[in-house]
Engineer: 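I am attaching a structure below and will ask some questions about it afterwards.
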Amino acid sequence: MRKGAIDVEIQELEKFADQKLPASYVKLLKTYNGEKRTLGFLGGFGYLSIEGVKREWLFFKNAPDTKPEAINQVRKITNVLYSTKRIPFAHDGSGNFLCLDFIPNTDGILGQVIYLPCGDPEPISVVSDSFDDFLNLMIRKIQSEKLKLVDEREDWDAEDWAKADIYFERTWNNDWSDIAEEYNSKDSFGC
C-alpha cells in the first residue's frame, strides 16, 4: 500500500473533481493513498491513488457522451456512462470501475457506490448506499471468505517471495451483478 495522503492532497482532489468526498473515503486515503501493486482488496478491484483517480476522472471528462449497455436499478442511476459527477476509486484493469456517484437518479442517494462496467457488457449497478456501507460490505465478504486472500508465497522459498503474488480473489459468480442482486434484495425488504 502507498503512504497515506495529506490534507492538502485530498483538498486538491475535492477541488479537482468539484465534490466533497465522504469522510470514510477521506480517512482511507489518509491511511493509504492507493496500492503500490494491485492486491484487489476492494472486491478484486485495485484501489486507486489520488493521481489514479484524477487520471480516470479526466478520461470520464473527455470521453464521448455514451449511454450504458444497461442499468440495473433504473430509478437510482442516471442514464449516462461517463460523467465528471462520478468519482472512480477502484478499477479492475479492464475498463470497469467502482465509483462514488454524485448524479443519482430520482430514487438514488448522493454518494452511492456504483459498479460502472465500461469494459464489459453488464448493467451499471448500485452496490451500496454509501462508501461506509461499501467498506462494511467488503469486510463482510472477507469474513465470509467470499473475498479471500491468496498468498502464493507458501509455494515459494522465502528468498523468492518477491516473485510470488498476493492478491484477493472474489468467489462470487457474476462479477458485480451478484452484489447488485444482494443490494436489490436488501432494498426490497427495506433492510
Side-chain angles (χ1 to χ4, degrees), residues 1-63 77-78 80-104 108-119 124-143 147-151 161-162 164-170 175-176 179 183:
M1 301 300 279
R2 295 183 188 279
K3 184 175 118 180
I6 58 175
D7 287 332
V8 70
E9 292 172 308
I10 293 167
Q11 291 163 0
E12 286 173 2
L13 176 60
E14 289 180 325
K15 184 176 179 182
F16 180 85
D18 194 28
Q19 294 299 325
K20 178 78 174 142
L21 300 172
S24 54
Y25 180 48
V26 168
K27 185 174 180 180
L28 183 59
L29 284 170
K30 285 182 175 184
T31 305
Y32 301 112
N33 183 11
E35 296 176 282
K36 287 183 183 176
R37 103 178 187 209
T38 301
L39 296 175
F41 78 97
L42 295 177
F45 277 52
Y47 169 51
L48 292 169
S49 67
I50 288 175
E51 289 307 312
V53 170
K54 288 178 177 179
R55 181 181 59 250
E56 299 301 348
W57 185 90
L58 284 172
F59 170 75
F60 286 11
K61 180 179 180 183
N62 296 316
I77 301 170
T78 300
V80 63
L81 189 59
Y82 303 110
S83 172
T84 57
K85 298 294 182 184
R86 291 185 173 145
I87 310 299
F89 64 86
H91 70 96
D92 70 353
S94 296
N96 302 312
F97 300 92
L98 294 172
C99 300
L100 293 165
D101 183 18
F102 293 101
I103 55 163
I109 298 170
L110 193 68
Q112 64 194 3
V113 174
I114 62 170
Y115 168 57
L116 189 69
C118 302
I124 297 177
S125 302
V126 175
V127 295
S128 67
D129 289 337
S130 68
F131 196 75
D132 284 344
D133 289 349
F134 176 77
L135 292 177
N136 287 327
L137 171 68
M138 291 299 97
I139 291 167
R140 285 193 312 274
K141 293 299 180 187
I142 290 169
Q143 289 171 338
L147 181 60
K148 62 182 180 179
L149 182 67
V150 175
D151 186 347
W161 276 4
D165 279 335
I166 302 171
Y167 58 92
F168 280 87
E169 177 180 81
R170 67 173 188 275
D175 207 358
W176 284 84
I179 301 300
Y183 174 88

Engineer: Nearest 0.5 Å please: distance from the OG atom of Ser130 over to the CG atom of Asn136.
Structural biologist: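 Here the interatomic distance stands at 8.0 Å.
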Engineer: Out of the candidates Phe89, Phe45, Tyr47, Phe60, only one should pair with Phe97 under the ring-ring contact (aromatic ring centres under 6.0 Å, His included) rule; please name it.
Structural biologist: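 With Phe97 as partner, Phe89, Phe45, Tyr47, Phe60 yield a single ring-ring contact (aromatic ring centres under 6.0 Å, His included), made by Phe60.
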Engineer: Is there a side-chain contact between Val26 and Asp7, using heavy atoms and a 4.5 Å cut-off?
Structural biologist: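 They are not in side-chain contact.
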Engineer: From Gln19 CD over to Tyr25 OH, what is the distance, rounded to the nearest 0.5 angstrom?
Structural biologist: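 It comes to 12.5 Å.
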Engineer: Distance check, rounded to the nearest 0.5 Å: Ile109 atom CD1 versus Phe102 atom CZ?
Structural biologist: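 Between atom CD1 of Ile109 and atom CZ of Phe102 there are 12.5 Å.
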Engineer: Can a donor-acceptor pair be found, under 3.5 Å and without considering hydrogens, that links the side chain of Ser83 to the backbone of Lys85?
Structural biologist: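 It does hold such a pair.
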Engineer: Please name the pair of heavy atoms, one in Glu35 and one in Arg2, separated by the smallest distance, quoted to 0.1 Å.
Structural biologist: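 The pair with the smallest heavy-atom distance is O-NE, 3.3 Å.
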Engineer: Between Asp101 and Val113, is there a donor-acceptor pair closer than 3.5 Å when you use the side chain of the first and the backbone of the second?
Structural biologist: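 Pair absent, no side-chain N/O of Asp101 close to backbone of Val113.
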Engineer: Testing the basics here: between Gly43 and Met138, what is the closest heavy-atom pair and its distance to 0.1 Å?
Structural biologist: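 Nearest pair, atom of Gly43 first, then Met138: N-SD, 3.2 Å.
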Engineer: Looking at every non-hydrogen atom in both residues, tell me the closest pair between Pro22 and Leu100 and how far apart they are.
Structural biologist: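 Here Pro22 and Leu100 meet closest at CD-CD1, 3.7 Å.
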Engineer: With side-chain contact (heavy atoms from CB on, under 4.5 Å) as the criterion, how do Leu13 and Ile87 come out once you've worked through the C-alpha distance, each side chain's angles and the decisive distance to 0.1 Å?
Structural biologist: CA-CA 10 Å; Leu13 176 60; Ile87 310 299; 5.6 Å; no
Engineer: Without swapping roles, check the side chain of Asn33 against the backbone of Ile50 for a donor-acceptor pair under 3.5 Å.
Structural biologist: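 Checking the backbone N and O of Ile50 against the side chain of Asn33, a donor-acceptor pair under 3.5 Å is found.
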Engineer: For Gly95 and Cys118, work out which heavy atoms get closest and say how close.
Structural biologist: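 Distance-wise, the nearest heavy atoms are O-CB, 2.9 Å.
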Engineer: Could you tell me which non-hydrogen atom of Pro117 sits nearest to which non-hydrogen atom of Asn96, and how far apart they are?
Structural biologist: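 Distance-wise, the nearest heavy atoms are CA-OD1, 3.1 Å.
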Engineer: Do you know which two heavy atoms are closest between Cys99 and Arg86, and how far apart they sit?
Structural biologist: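 Shortest heavy-atom separation between Cys99 and Arg86 comes out as CB-CB, 4.2 Å.
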Engineer: Whether the Tyr82 and Asn62 side chains hold a donor-acceptor pair (N or O, under 3.5 Å, no angle test) is what I'd like checked.
Structural biologist: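 There is no such pair between these side chains.
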Engineer: Is there a donor-acceptor pair under 3.5 Å between the side chain of Glu14 and the backbone N or O of Leu21?
Structural biologist: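 The answer is yes, because a donor-acceptor pair under 3.5 Å joins these two groups.
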Engineer: Carefully, step by step, assess Phe16 and Val53 under the rule side-chain contact (heavy atoms from CB on, under 4.5 Å).
Structural biologist: CA-CA 10 Å; Phe16 180 85; Val53 170; over 6 Å; no
Engineer: Are Tyr115 and Leu98 close enough, and set up right, to give a side-chain contact (heavy atoms from CB on, under 4.5 Å), and what steps lead you there?
Structural biologist: CA-CA 5 Å; Tyr115 168 57; Leu98 294 172; 4.3 Å; yes
Engineer: Between NZ of Lys30 and CD of Glu9, what distance do you get to the nearest 0.5 Å?
Structural biologist: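 Output value for this atom pair is 11.0 Å.
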Engineer: Report the distance from atom NZ of Lys141 to atom CG of Leu42, rounding to the nearest 0.5 Å.
Structural biologist: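 CG of Leu42 is found 14.5 Å from NZ of Lys141.
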Engineer: Atom CD1 in Ile103, atom OG1 in Thr84: separation rounded to 0.5 Å?
Structural biologist: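 The CD1 atom of Ile103 sits 8.0 Å away from the OG1 atom of Thr84.
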